[in-house]
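Written below as C-alpha cells is the structure these notes are about.
In the text below, chain A, chain B and the rest are named by the order of the sequence lines, each starting its count at 1.
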Amino acid sequence: MSSSLYVHIPYCKSICTYCDFCKMLYQESQVYAYLDALEKELKKVYRNEPLKTIYIGGGTPSCLSIDELTRLFEILETVQKKDNIEYTIECNFDTIDKDKLDLFKRVGINRISFGIETIHKNLELFLGRNNNKNHIKKMIQYAKSIGIVNINVDLMYALKDETLNDLETDIDFILSLDVPHISTYSLMIEKNTCLYIQKEIPIDSDMDALMYEAICKKLKKCGYLHYEISNFAKPGYESKHNINYWQNLSYYGIGLGAASYYDGKRMTNTRSITKYLKKDGILTCEHLSKMDTMIYEVILRLRLATGINLEEFYEKYNVSIDEVFSYQSLIEKNLLKLNGKYLIIPEEKFYISNYIIEEFIYGEE
Amino acid sequence: MKKNIRNFSIIAHIDHGKSTLADRILEKTGAVSKRDAVNQMLDSMDIERERGITIKLNTASLKYQLAKEEYLLNLIDTPGHVDFSYEVSRSLASCEGALLVVDAAQGIEAQTLANLYLALENNLVLIPVVNKIDLPNADIAKVKKELMDLVGFEDSEIILTSAKTGEGVEELLEAIVKRIPAPAGEETDILQALVFDSVFDSYRGVIISVRIVNGTLSVGDKIMMMATKQSYEVVELFKNTPSEEKVSSLIAGEVGFIVASIKDIDAVKVGDTITLTNQLATKPLPGYQPMKSMVFCGLYPIESVKFELLREALGKLKLNDASLSFEPETSEALGFGFRCGFLGLLHMEIIKERITREFGIELITTAPSVIYKVILTSGEELLIDAPNKFPNKETMKEVLEPYIRTNILAPTEYIGPIMELCQERRGIYFDIEYINQLRVNIHYDLPLSEIVYDFFDKLKSSTKGYASFDYDLIGYQPSELVKMNILLNGEVIDALSVIVHKDFAYNRGKAIVNNLKEVIPRQLFEVPIQAAIGNHIIARSTVKALRKDVLAKCYGGDITRKRKLLEKQKEGKKKMKQIGKVQLPQEAFMSILSEGE
C-alpha cells in the first residue's frame, strides 16, 4: 500500500549551475510523448490506492504550456484522491503566470513550492538564475488570493562570496512574503554540474555552519517550526509528502529518473529520455532486507525533529531498537537525546547529523 | 654453442625508453608477435606496468640470425631507480655487455651515470645508444657529445635508435653480436652457477634464476647451494623466450631458471653459487655485497588482527629482496607492527603497495627514519633506527648521522635554486663539475635524513624537472640532534616523534603542527597540536571542531544515495587509526617529514 505519488517533469527553461537533478532543456516537440509515457507508467504501477499526497516536481513543471499542463492533470485525474489530499506542484517564477495559477486551482492543486534561492543579483548569476522581486511578490499574492495559501519557498545559502549580511536580506525578503513553509539548503557542488566543471569549491564549513545557525535562529523567532534538518513550517503546514519520505513509508515515483519505494524495494527509473520514451523503465532496484529497512528508518527518521518513536519501531520491526543498534555513547556525548519514547538528534547537532547517523548505524569502533 | 651466446642488459634512466626498446628487440627477434605484445613485456608485475618502471629484474632468451649463424641473446632486464642499484649489480654480474640507452632529448641522467660506473666496475662492454631520435626536440649532436665527453665513447660507436618506430634496432642487434664477447667458462668444467634472483611459486616452490658460469646443469642433477649447504634434485629447467620454454640442460654462458621442489624459502640466497653434490666446486663465485637498509619505518596493520598476516607477507617479499629487513616493534599509539628497513623511499613505497595489493593488508606507515649513532656517556655506542628509541639527552655524549654526497645533474641555469635547496637541507657545498657549457654535476654533502622524504620532489619542482639525482653514502658525522615530540590533545604520540637538528627545530616544529592541522580531519572536539622538545613547547596549532557534516537535502530520489554516502564515509574512517580520542589518517604520519609550503 502506497499513499504517495511523485511525478517527475524533467524540463527546464534554463539549467541552473548547481543542479544535479534529472533535467533537460524544454523541448516542445517532445513533451506530449513524454506525457504519454508517463500515463503508461502510471497505469502500470499504480494499484488504485487512495492517495494522501501527490507531488509534481522537476525539473520545472511550470515551464510546460497551459495545454501541456492540462494534459498532465488529465492523466493525474485518474487516480483516487483522499479528501484531505496534499497536492503540490513545483514552480519557478520565470515560468509562472496568473493563467497557470488559475489552472492549478481548478484542478485541485493546494500547495505550491517556489524556487527563489537568493535575491542578490551577483549570487543569482552564480547560480545561473534570474528572478524579479516584484513578480515574485505579485505571484505569491495572487496564489493566496485564489485560495492556494499553502506555499513553500526555497532558499539557498553558502554561495560563493556570500556574506552573513547577504543571507540576512534574503531571509528578510522571504519573511516579507509571509508563506507558511521555507526550505533552506546549503550549496553542494555535485558532479556533473556546471559549478563542478568550473572547479568551484564550497565555502568554509565554519561559515556555512554560522549561516545555518543564523537561519534557524531567525525563522524560529518568526514562529516557524524547525521540523526537519532543512525544513521550517508554521504549525500545521509541514509538508505531508516529504514527511512520508522521512518516515520511511512507501511511495510511487513516475517519470524520468524518478525513485519509488514499495513492496520492500527501492527502485530508480532510467535517466535516459530515449530509453524512458521507449518504456525501458527501471534502472536500479534494491531489494531491502529487514536490516536494510531498519537502517533506512534510522537514516530518515533522525532527520526529523520528532526522531524515532521507539514504540512504533518495535511494532513495525518486532524488535527493540536497542537490540539492533548501540547508541549509548552517542547519548553520553549529548549527540542523541531520549525524549520520552522519542529518540532524537538535538537541533543544535542537526548540522553534524551524518557523523551521528554513521556512528549510530555502523558503531563506534 | 657457447660462442653464439650473448648476455647483455640495458642501462637507462626512467622514461628513456628501456622497456619500449626491450619490447622492440623482442619483436625483431620474433620472440613475440606484434599482435601478442602488451607494452612493457618484461615488466610482469602490475605495479611495474602502472608506474612505468621496472622493479624486479627479468630475463628473456632470444634467437637471432646473423650471416647464417644463429645466436642466443639473453636480455637481462634491470631496474633504473637508484634505490634498486643492488638489483642492477646483480644483473650486471651475469652479463658480458650492456646497452647504455640515453634519451635524445634529455641527455645523460645522474642515475644512468651511477649504473654506468657499476657496469664499468664489472668490466662489461658498453654499447652507447641514443634513443627517441624521432622526437621533434631530439638533439642528437648534443647527446652524442655528452657521451663522448663524459664516458669517452667514439662518435662511430654510438648507435641511433627510435624504439617507437623501430629505426636502428636492426643495427643495434648486429652490434650486440659483434661487440659483446661470448661468455667465458667451459661446459666441461665443474658446475658453478650464480643465483641472481628467485621467486616463490605456490605450485613449484622456489624458482631460481641462474647464470651458468662454468659447467653444465641438467634435469635430474643433484645440486647444492654452497652457502646454505642444502641439496635438491633439479626437476625442471627453462628459459624465458619470454614465455617459458623447457630445456633439458643449461650450459656455461647460459641464463635460465631452475625448479627443484624447494619449499624452504630461506634455503636460496641471491648471490649464492650452485654446484653439483657429486662434483663439488672448490670455492663459490664472488657473489654480491648485500645492500644495507638505509631507511627505516614502522609498518602497522590498521586492523591489529592482521599482524601475523603482515609477518607472513614480509617474509614472502623478503624471499627475493634481500635488502628488505624487518623485526617486530610495539608502539603505544599504533600497537603491534614491524620496524622495516629499505634501500630508499621508492623501495619503501613499493613494498607498502605490494603488501596492500597482494596481501590485502591496509597499513599505517610511520615517517621514515635513518640510522643514527649515539655514543653514551658510558662510552657505549647505540644504533638508533626510530625516534622513539632516542635516549635521554643527559645520557648522550655525542650523536652522529649518516651523510651522503650528491650527484645532481642539471642545466647550468638551475645552479642557484639547487644550491638554495641543498642549503635549506643542511647541505655542505663540495664542488661543481662542469660536464659541458650547459650542464653541471653538483656535489653537496647532505644528511641522509634530509633527503628521505620530499627532497627529490622539491628538486624536480625547483628545476622544472630538468635535474636528476643520485647519491653515495660517505659515512657518519657528528650532529646536534634532538628528539621532538608531537602532542595531540596533550598526549605524546610516540609514532609521530622526529629527530631534528637543534637549529632547525623551531621551523620544523612549526611546519609539522601546520601540516598535521591540514591532514587531521575535524573531530567532535577541538584538538590542540603541539611540538615539544623535552618539556618545552615550541609550536602549536589547532584542529577546529567539526561543525558541518550533513546532507542538507534528502528527498525521494536521494535516499539510497544518502546511505551510500554514509557507507563511503565509514570506509574512509576504517583507514584511519584511532589514537586516544583522535582519528588519525595515514597522511598524518608522513606529513611530519614534509616541509610544507
Side-chain angles (χ1 to χ4, degrees), chain A residues 4 6 8 21-22 55 57 156 158 183-188 202 204-210 212-213 228-230 241-242 244-246 248 251 253 257-261 266-269 284 286 292 295-296 299-300 303 333 335 350-359 361-365, chain B residues 300-306 333-336 362 364 489 517-527 541-585:
Chain A
S4 286
Y6 175 81
H8 192 73
F21 280 107
C22 179
Y55 193 105
M156 278 179 89
S183 300
T184 63
Y185 308 108
S186 116
L187 175 70
M188 273 181 76
D204 171 63
S205 69
D206 287 327
M207 180 59 159
D208 189 317
L210 271 181
Y212 183 69
E213 278 164 26
E228 192 260 359
I229 291 174
S230 304
H241 184 83
N242 292 333
N244 187 78
Y245 293 142
W246 299 319
N248 198 26
Y251 53 91
S260 308
Y261 171 43
R266 286 197 178 272
M267 292 154 286
T268 316
N269 282 350
T284 63
E286 184 192 11
D292 291 330
I295 287 175
Y296 278 120
I299 290 177
L300 292 165
R303 298 187 67 85
K333 289 187 212 158
L335 298 171
F350 264 167
Y351 227 44
I352 54 167
S353 62
N354 275 4
Y355 179 94
I356 298 169
I357 294 169
E358 186 201 305
E359 299 279 296
I361 297 171
Y362 303 106
E364 289 240 272
E365 297 299 306
Chain B
Y300 290 83
I302 289 184
E303 296 165 85
S304 37
V305 292
K306 292 200 169 162
L334 299 172
F336 293 103
E362 294 285 350
I364 289 279
N489 239 354
K517 188 181 94 183
E518 295 304 317
V519 298
I520 297 177
R522 291 181 174 212
Q523 326 259 323
L524 281 180
F525 43 87
E526 216 174 69
V527 181
S541 68
T542 309
V543 180
K544 287 196 265 181
L546 175 71
R547 293 193 62 190
K548 188 195 172 200
D549 184 10
V550 67
L551 187 66
K553 224 174 180 160
C554 184
Y555 298 104
D558 305 317
I559 291 169
T560 13
R561 200 177 63 127
K562 161 98 177 171
R563 182 177 172 190
K564 279 186 192 139
L565 194 100
L566 289 172
E567 270 164 14
K568 213 169 128 197
Q569 200 158 318
K570 186 67 203 170
E571 279 307 302
K573 279 198 189 158
K574 266 199 199 153
K575 294 193 174 161
M576 289 196 245
K577 194 92 187 173
Q578 175 100 23
I579 292 175
K581 285 162 73 188
V582 184
Q583 297 261 9
L584 280 189

Quick one: what part of B:K553 sits under 4.5 Å from any heavy atom of chain A, side chain, backbone, both or neither?
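Both parts, backbone and side chain.
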
With chain B as the partner, which of [options] has the greatest number of non-hydrogen pairs under 4.5 Å?
options	answer
A:T184, A:N242, A:I229	A:N242
A:T284, A:L210, A:N244	A:L210
A:I299, A:N248, A:I357	A:I299

I would like to know whether A:M188 and B:L551 meet side-chain contact (heavy atoms from CB on, under 4.5 Å); could you show each step before the answer?
CA-CA 9 Å; A:M188 273 181 76; B:L551 187 66; 3.7 Å; yes

I'd like to know which of B:L524, B:L565, B:D558 tops the heavy-atom pair count under 4.5 Å against chain A.
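Looking at each option in turn, the highest pair count goes to B:L524.
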
For atom OH of A:Y185, is the number of surrounding heavy atoms from other residues, nucleotides or ligands below 6.0 Å larger than 12?
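Atom OH in A:Y185 is packed in, count exceeds 12.
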
Drop me the distance from [X]'s [atom1] to [Y]'s [atom2], to the nearest 0.5 angstrom.
X	Y	atom1	atom2	answer
A:Y296	B:I559	OH	CD1	8.0 Å
A:Y355	B:K573	OH	NZ	5.0 Å
B:K570	A:I361	NZ	CD1	10.5 Å
A:E358	B:K568	CD	NZ	12.5 Å

Go through the steps to decide whether B:R547 and A:D208 satisfy the test side-chain contact (heavy atoms from CB on, under 4.5 Å), and finish with yes or no.
CA-CA 9 Å; B:R547 293 193 62 190; A:D208 189 317; over 6 Å; no

Evaluate the criterion side-chain contact (heavy atoms from CB on, under 4.5 Å) for residue pair B:L566 and A:I295; output intermediate values, then yes/no.
CA-CA 11 Å; B:L566 289 172; A:I295 287 175; over 6 Å; no

Between B:R563 and A:E286, does any NZ, NE, NH1 or NH2 come within less than 4.0 Å of an OD or OE carboxylate oxygen?
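A salt bridge is present here (some side-chain N lies under 4.0 Å from a carboxylate O).
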
Looking at every heavy atom in both B:G556 and A:A259, which two are closest together, and how far apart are they?
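In terms of heavy atoms, the two residues are closest at O-CB, 3.7 Å.
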
Identify the two heavy atoms, one from B:A552 and one from A:R303, that lie closest to each other, and give their separation to 0.1 Å.
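For B:A552 and A:R303, the tightest heavy-atom pair comes out as O-NH2, 2.8 Å.
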
What part of A:I352 is in contact with chain B, defined as an atom under 4.5 angstrom from a non-hydrogen atom: side chain, backbone, both or neither?
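Contact with chain B: backbone and side chain both.
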
With a 4.5 angstrom heavy-atom cut-off, could you sort out which part of A:Y251 is near chain B: side chain, backbone, both or neither?
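Interface part for A:Y251: side chain.
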
Among residues at least two apart in sequence or on other chains, which ones pass salt bridge (charged side-chain N to carboxylate O under 4.0 Å, His left out) with B:D549?
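In terms of salt bridge (charged side-chain N to carboxylate O under 4.0 Å, His left out), with neighbours along the sequence ignored, B:D549 is linked to no residue.
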
Residues forming a salt bridge (charged side-chain N to carboxylate O under 4.0 Å, His left out) with A:R266, sequence neighbours excluded:
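Checked A:R266 against salt bridge (charged side-chain N to carboxylate O under 4.0 Å, His left out); zero matches.
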
Just by modelled atom types, is the B:K548 backbone N or O under 3.5 Å from a matching donor or acceptor in the A:S205 side chain?
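No, because the side chain of A:S205 does not come within donor-acceptor range (under 3.5 Å) of the backbone of B:K548.
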
Between B:Y555 and A:W246, how do the two ring planes meet: parallel, tilted or perpendicular, split at 30° and 60°?
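If you compare the ring of B:Y555 with that of A:W246, the planes turn out tilted.
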
Set out, in order, the CA-CA distance, both residues' side-chain angles and the distance that settles side-chain contact (heavy atoms from CB on, under 4.5 Å) for A:F350 and B:V550, then state yes or no.
CA-CA 8 Å; A:F350 264 167; B:V550 67; over 6 Å; no

